[in-house]
Amino acid sequence: MIDAILSGDGLMASRMVERLLAAVGEDRVDAGIAIHGVYRAAADDKIMPPTFPDGPYLLEKRRVDGQPRETVVLDQVPSQANRIEEALLAARDKGRIELPLFELQAETSRGLVRLTSLEFPHRYADAYLRDSHVDGVRFDRSPAGQRLRQVSAEDSRPLFERDPGSLIFGAWDSHRKGRWPKFARLYTSTMFGLDPQEGERRSMRKDPINMSGAIDDKTKAEGDWKFIPINEKSKGKRLSEIGHGHVLGSVPPGGMSISEARRDAWISLAGLERLRFGDVPDETACLARATLLALAIAGDRLCFVRPSAWLRSGCDLVRVRETLAFEQDGGAVEEFSLTSAEAIEVFHELRDRTAKAGLVMASDTILLTPIPSLAEAIEHAVTKATGEE
């Protein structure tokens, strides 16, 4: 246990900095950092997993505590990464953590739409970046865009400098011409429920007036639609399609009862070891890897250090216990604890030491504006699109 080492003497951050440097060093003895959480369903044992077209739920066998168990997926790797990026963005907006950011601002008839590089689906390789302007210049021709285009498997410095999340959570530029490097995710996390038993739900939304009938055209929901009595022959749409009357249809998914939920996260030190930083000295590369490791831990703590986790409506989980540990050769573990504030302090110290060694991670925001066609698409999405188009 390194809790005792890190507690009470005011040297926690510095000691953890050295521990992370050792974890990514040439003679490392650690395989990775493992985080295991056990949760129970809030209120009762029933939760609502994500649904899939051919499911509705994703059921699979896993080895849990060495034994095969039936499980239901509660949150997959990409979703967990998005939650951590959301937590990092919230912390940055509050001034708690210093990170580089690309921020797209689109003026629409319903107000300002803001999207950032911690929200772009494809991170540094996203089409939102490609289809934007920086100071009136198309992004790929701007200094920041040209710098990102210099990234390679042998030199990940452009991403370390301007979008470190792409290195931690993975990214691949598949939309631009040419062969671009694939950066595999270094951080993975999943959540699943044990011993799932499918439940039932037979309730529906009810209209207090109990209206029935049809309308001439559902696209006129915000205009002058025509009511059609139910006894008239018509091919009109149901009132429920514009928000009136009962919602009738197939029986909705009824959720799952579980014995408990688990979260398993892993930060790969072997994956970090594969990152290259051009011609920087080995000491600087080690500092950069430790900085990325600290950022991954800080993101995890910001998102999951709290005593409960809300995944979606009907899936509120209460943490029962959690362990963080360096996993080592032969199955040995070295447990530790870290708050989000401590993790951020460690990240900032390592980032600053890396900057002093010559590799600087930015902390500013580069503002973007959409090109006209993207602006038009965003305007349509926020004012006209219904999700059924």
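We use all heavy atoms of the structure for the numbers below, so side chains are in, but hydrogens, waters and symmetry mates are not.
Checking side-chain atoms of Thr51 against main-chain N and O of Pro56 turns up no donor-acceptor pair under 3.5 Å. Of the possible donor and acceptor atoms, one in the side chain of Asp216 sits under 3.5 Å from a partner among the backbone N and O of Lys226. A donor-acceptor pair under 3.5 Å links the side-chain atoms of Thr291 to the main chain of Leu350, judged by distance alone. Side-chain atoms of Arg319 come within 3.5 Å of backbone atoms of Val305 as a donor-acceptor pair (strictly under, hydrogens ignored). The closest donor-acceptor contact from the side chain of Arg110 to the backbone of Glu107 lies at 3.5 Å or more, if one exists at all. No side-chain donor-acceptor contact under 3.5 Å links Arg62 to the backbone of Thr71. In this structure, the side chain of Ser156 does not engage the main chain of Leu159 through any donor-acceptor pair within 3.5 Å.
The existence of a salt bridge linking Asp155 and Arg157 is confirmed by a sub-4.0 Å separation between a basic side-chain nitrogen and an acidic carboxylate oxygen. Using a cut-off of 4.0 Å between Lys/Arg side-chain N and Asp/Glu carboxylate O, Glu18 and Arg353 are scored as salt-bridged. Salt bridge annotation for Asp173-Lys182: absent, with no cationic side-chain nitrogen under 4.0 angstrom from a carboxylate oxygen.
Across all non-hydrogen atoms, the minimal contact from Tyr39 to Ala309 is CE2-CB, 4.2 Å. When all heavy atoms of Gly255 and Lys46 are compared, the pair lying nearest together is CA-CE, 4.1 Å. When every heavy atom of Glu98 is checked against every heavy atom of His348, the shortest pair comes out as N-NE2, 3.1 Å. The minimum heavy-atom distance between Leu167 and Leu292, with the atom names listed, is CD1-CD1, 3.9 Å.
Residues Leu368 and Ile371 are members of one and the same hydrophobic cluster, defined by side-chain heavy-atom contacts under 4.5 angstrom among Ile, Leu, Val, Met, Phe, Trp and Tyr. Criterion: ILVMFWY side-chain heavy atoms under 4.5 Å apart, direct or through other members. Under it, Val360 and Val280 are not part of a common hydrophobic cluster. Residues Val17 and Phe347 fall within the same hydrophobic cluster, defined by Ile, Leu, Val, Met, Phe, Trp and Tyr side chains chained together at heavy-atom separations under 4.5 Å. With hydrophobic clusters built from ILVMFWY side chains whose heavy atoms lie under 4.5 angstrom apart, Val77 does not share a cluster with Leu74. Phe192 is not connected to Phe304 by any chain of hydrophobic side-chain contacts under 4.5 Å among Ile, Leu, Val, Met, Phe, Trp and Tyr, and they are in different clusters.
Seen from the ring of Phe169, Arg123 does not count as a face-on cation partner, given the 6.0 Å and 45° thresholds. A cation-pi arrangement is present between Arg19 and Phe326, with the terminal nitrogen or guanidinium carbon under 6.0 Å from the aromatic centre and inside a 45° cone about the axis. Taking the ring axis of Trp310 as reference, the NZ or CZ atom of Arg83 does not stay both within 45° of it and closer than 6.0 Å to the ring centre.
Heavy-atom neighbours of Arg306 CZ from other residues, nucleotides or ligands within 6.0 Å: at or below the threshold of 12. Residue Asp364 places its CG atom among more than 12 non-hydrogen atoms of other residues, nucleotides or ligands, all under 6.0 Å distant. For Glu86, the CD atom sits in a loose shell: 12 or fewer heavy atoms of surrounding residues, nucleotides or ligands are nearer than 6.0 Å. When the shell of 6.0 Å around CZ of Arg141 is examined, it contains 12 or fewer heavy atoms from other residues, nucleotides or ligands.
Summarising the geometry, atom CD belonging to Glu70 is positioned 11.5 Å from atom OG belonging to Ser259; distances are rounded to the nearest 0.5 Å. To the nearest 0.5 Å, the span separating OG on Ser166 from CG on Asp126 amounts to 9.5 Å. The structure places CD1 of Ile297 at 11.5 Å from CD1 of Ile84, a figure rounded to the nearest 0.5 Å.
Judged purely by distance below 3.5 Å, without hydrogens or angles, the side chains of Thr116 and Arg92 never pair a donor atom with an acceptor atom. Glu379 and Ser109 share a side-chain donor-acceptor pair at under 3.5 Å. At a cut-off of 3.5 Å, with distance as the only test, no side-chain donor of Gln146 or Arg149 sits close to an acceptor on the other residue. Ser373 and Glu376 form no side-chain donor-acceptor contact under 3.5 Å, judged by distance and modelled atom types alone.
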query: Are Met16 and Glu345 close enough, and set up right, to give a side chain to side chain contact (heavy atoms under 4.5 Å, CB included), and what steps lead you there?
result: CA-CA 10 Å; Met16 180 55 89; Glu345 184 181 357; over 6 Å; no

Test log, rule side chain to side chain donor-acceptor pair (under 3.5 Å), inputs Ser268 and Arg274: CA-CA 10 Å; Ser268 173; Arg274 290 174 58 85; over 6 Å; no

query: Would Arg15 and Glu342 count as a salt bridge (Lys or Arg N to Asp or Glu O under 4.0 Å) if you check the C-alpha gap in whole Å, the side-chain angles of each, and the deciding distance to 0.1 Å?
result: CA-CA 11 Å; Arg15 293 180 183 274; Glu342 292 166 344; over 6 Å; no

field: Evaluation steps, side chain to side chain contact (heavy atoms under 4.5 Å, CB included), between His133 and Arg138
entry: CA-CA 4 Å; His133 288 133; Arg138 191 74 177 249; 4.2 Å; yes

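Screening Glu103, Gln105, Glu119 against Arg114 for a side chain to side chain donor-acceptor pair (under 3.5 Å) leaves a single residue, Glu103. Partner Asp195 forms a side-chain contact (heavy atoms from CB on, under 4.5 Å) with one of Glu260, Arg69, Met256 and no other, that one being Arg69.
In this structure, Tyr128 and Phe120 have parallel ring planes: the angle between them is below the 30° cut-off, well short of the 60° mark.
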